[in-house]
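Input: a single structure, listed below in structure tokens.
Whatever order the structure lists them in is the order used to number ligands and atoms, beginning at 1. All residue numbers in this chain count up from 1 along the given sequence.
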Amino acid sequence: MPTQPTDRYAQFVGTAPGTWLSSQLGLPRPAELRRAQPGKRVLDGPALVVGTGLAPLRADLADLLRAAGTDVLDELPEEAADHGGRLAAIVVDATGLREVAELEQVRAAVVPAFRRLAPSGRLLVVAAAVDEAATVAAAAVQQGLEGFVRSAAKEARAGATANLVRVRAGASAADWASTVEFFCSGRSAYVDGQVVTVGPAPAAAPAQERERPVAVVTGAAQGIGAAIAEALARGGAHVVCVDIAAQGEALAQVANRVGGTALHLDITSASAPAALAEHLRTRHGGADVIVHNAGITRDKLLVNTDADRWASVLEVNLAAELRIDDALLETEGALHAGARFVCLSSLSGIAGNRGQVNYSTSKAGVIGAVRAMAPLLAKRGMTANAVAPGFIETAMTARMPVATREMGRRANSLQQGGRPEDVAETVAWLADPRSRGVNGQVVRVCGQSLLGA
Ligand code: NAD
């Protein structure tokens with residue numbers, strides 16, 4: 001397996017002299033994040049589940065966490081209790097809040113509990129959809145919760161995160177369960193300060209999960225793509241690992257490791273869309289998950305960006321993806337009912353980045369495509385979502401100049417870079433058949449980067 005670049009600073013501040021020095025100088029102290037491991041529970045300590053206002057989802061949230069093996073509390077434990085009264089999670093049902101004065105209930109519930117949040121703990125606020133609010137005040141209150149959560153995420157310590165899940169009217173517990181589980185678990189280690197909306201599953205979604213789903217991952221030979229292939233295979237999928245012929249050996253190794261198949265395909269070639277659609281139809285009887293991960297950078301300042309640099313990046317990162325989607329959706333038998341599209345965007349596509357006008361354009365384009373596809377796909381029981389990574393420890397970021405790399409690593413609430421598996425776990429959650437109510441969303445995996453909206 002390719003080794004990941006090492007964050008030597010984070011290692012140093014984890015030692016006794018490093019802890020002392022960093023606290024004396026007021027330097028960042030990145031915590032080791034709790035990450036999911038096979039067999040590990042969703043949460044490794046008790047969860048406080050509280051409701052504010054009507055709180056119609058509180059009981060279902062508590063049941064879901066109990067079923068996942070969590071000790072659920074409805075009030076703050078004594079400090080002398082197990083784990084020193086520490087909480088692995090605080091889950092707040094705020095879906096019933098309508099009046100500004102009611103926001104005080106959120107403050108009152110969270111303030112005493114927030115101090116007790118364990119390292120890598122979770123604050124998860126469950127809210128209603130703002131565009132479904134019946135009054136201006138209710139819309140203001142529900143939107144206000146975003147400010148609350150994003151600021152709490154910036155104040156959370158020791159690897160703890162805060163996120164917000166909006167539940168649309170008509171969505172059942174089965175529709176939001178995989179999302180709440182994801183945000184509580186170590187799988188969302190590097191997802192912080194995010195807002196995701198879950199709706200009711202489309203009527204056309206298949207009722208049954210397939211025993212061994214087929215997933216396609218482009219650019220699977222290395223980096224994030226290889227990690228995605230591994231995460232999907234761990235979840236039980238047969239993974240078709242796609243990459244260019246020049247990556248032959250590396251691709252074969254990944255495909256072997258995950259018990260999948262290797263497919264050499266330059267996604268930009270004119271024949272690629274039809275070839276992929278035919279491969280999926282004839283060899284696998286259709287695919288369940290398509291992950292558009294292949295991507296390239298050809299960085300230059302705008303004034304030095306020539307037509308070649310422009311075209312190559314737009315082709316690989318956006319145009320090829322759109323052509324493949326068209327072919328898969330038009331070829332009978334290339335996709336199974338309820339298929340999931342997950343597309344890799346980037347923080348650069350949200351915030352822009354110096355020297356990356358071509359790349360940022362392509363990655364913003366990915367977001368536009370996903371948002372436009374989502375309602376069309378819903379009619380076929382399918383979904384499309386985008387994942388926007390921030391600074392991820394890969395060969396690409398290891399090549400950055402030291403100062404730029406250090407900036408990228410520290411300029412986020414978790415004060416460290418993410419790992420390819422953090423992106424992969426996010427993709428796996430969106431690809432999960434249970435996530436059928438998550439559609440048209442853009443999820444940043446960036447440790448709440450200081451860049452972007
Ligand atoms: P990487 O360069 O390590 O891997 C990309 C893979 O795509 C390679 O194996 C490459 O051979 C393959 N590829 C390139 N052109 C192809 C083509 N025409 N046909 C088929 N395969 C092709 O990149 P990575 O860092 O693992 O990034 C993966 C994705 O995540 C990319 O879309 C990237 O833009 C995005 N992303 C990465 C980061 C990061 O910090 N690494 C941040 C934001 C977004």
Side-chain angles (χ1 to χ4, degrees), residues 1-5 190 216-231 240-255 262-273 275-276 291-299 311-321 323-324 342-353 356 358-367 370 386-400 404-405 407-409 411-412 416-424 426-427 442-447 449 451-452:
M1 259 177 84
T3 49
Q4 279 173 19
Y190 201 60
V216 179
V217 180
T218 67
Q222 63 182 45
I224 293 172
I228 294 171
E230 281 169 20
V240 179
C241 303
V242 175
D243 214 302
I244 50 176
Q247 288 277 34
E249 182 132 346
L251 187 67
Q253 278 177 15
V254 174
L263 179 65
H264 294 153
L265 201 66
D266 178 341
I267 58 165
T268 63
S269 76
S271 57
L276 183 59
V291 184
H292 287 297
N293 164 79
I296 59 167
T297 50
R298 296 286 181 272
D299 296 355
S312 55
V313 170
L314 267 291
E315 262 299 296
V316 177
N317 296 0
L318 185 59
E321 187 172 315
R323 287 195 296 268
I324 288 174
V342 186
C343 308
L344 270 287
S345 176
S346 166
L347 205 52
S348 300
I350 295 171
N353 200 15
Q356 288 199 315
N358 49 0
Y359 182 75
S360 304
T361 305
S362 70
K363 292 297 186 180
V366 167
I367 292 174
V370 158
V387 172
F391 183 97
I392 306 296
E393 302 282 0
T394 62
M396 188 180 98
T397 45
R399 285 194 296 269
M400 287 177 165
T404 318
R405 189 168 65 227
M407 270 280 291
R409 273 181 176 148
N412 61 75
Q416 59 194 287
R419 296 191 192 157
E421 62 259 40
D422 297 327
V423 181
T426 307
V427 171
V442 181
V443 185
R444 288 168 47 158
V445 184
C446 65
S449 169
L451 301 176

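- Taking 4.5 Å as the limit, some side-chain heavy atom of I224 sits within range of a side-chain heavy atom of I228.
- Counting heavy atoms from C-beta outward, L344 and V423 have side chains that approach closer than 4.5 Å.
- Within 4.0 Å of ligand 1, protein heavy atoms belong to G219, A221, Q222, G223, I224, D243, I244, Q247, L265, D266, I267, T268, N293, A294, G295, I296, V316, L344, S345, S346, Y359, K363, P389, G390, I392, T394, M396, T397, listed by chain and number.
- You'll find the side chain of I267 stays beyond 4.5 Å of the side chain of E321, heavy atoms only.
- At least one side-chain heavy atom of I296 sits under 4.5 Å from a side-chain heavy atom of S312.
- A salt bridge between R405 and E393 is absent, with no side-chain N of the basic residue lying under 4.0 Å from a carboxylate O of the acidic one.
- Looking at L276 and L263, their side chains come closer than 4.5 Å, going by heavy atoms from C-beta outward.
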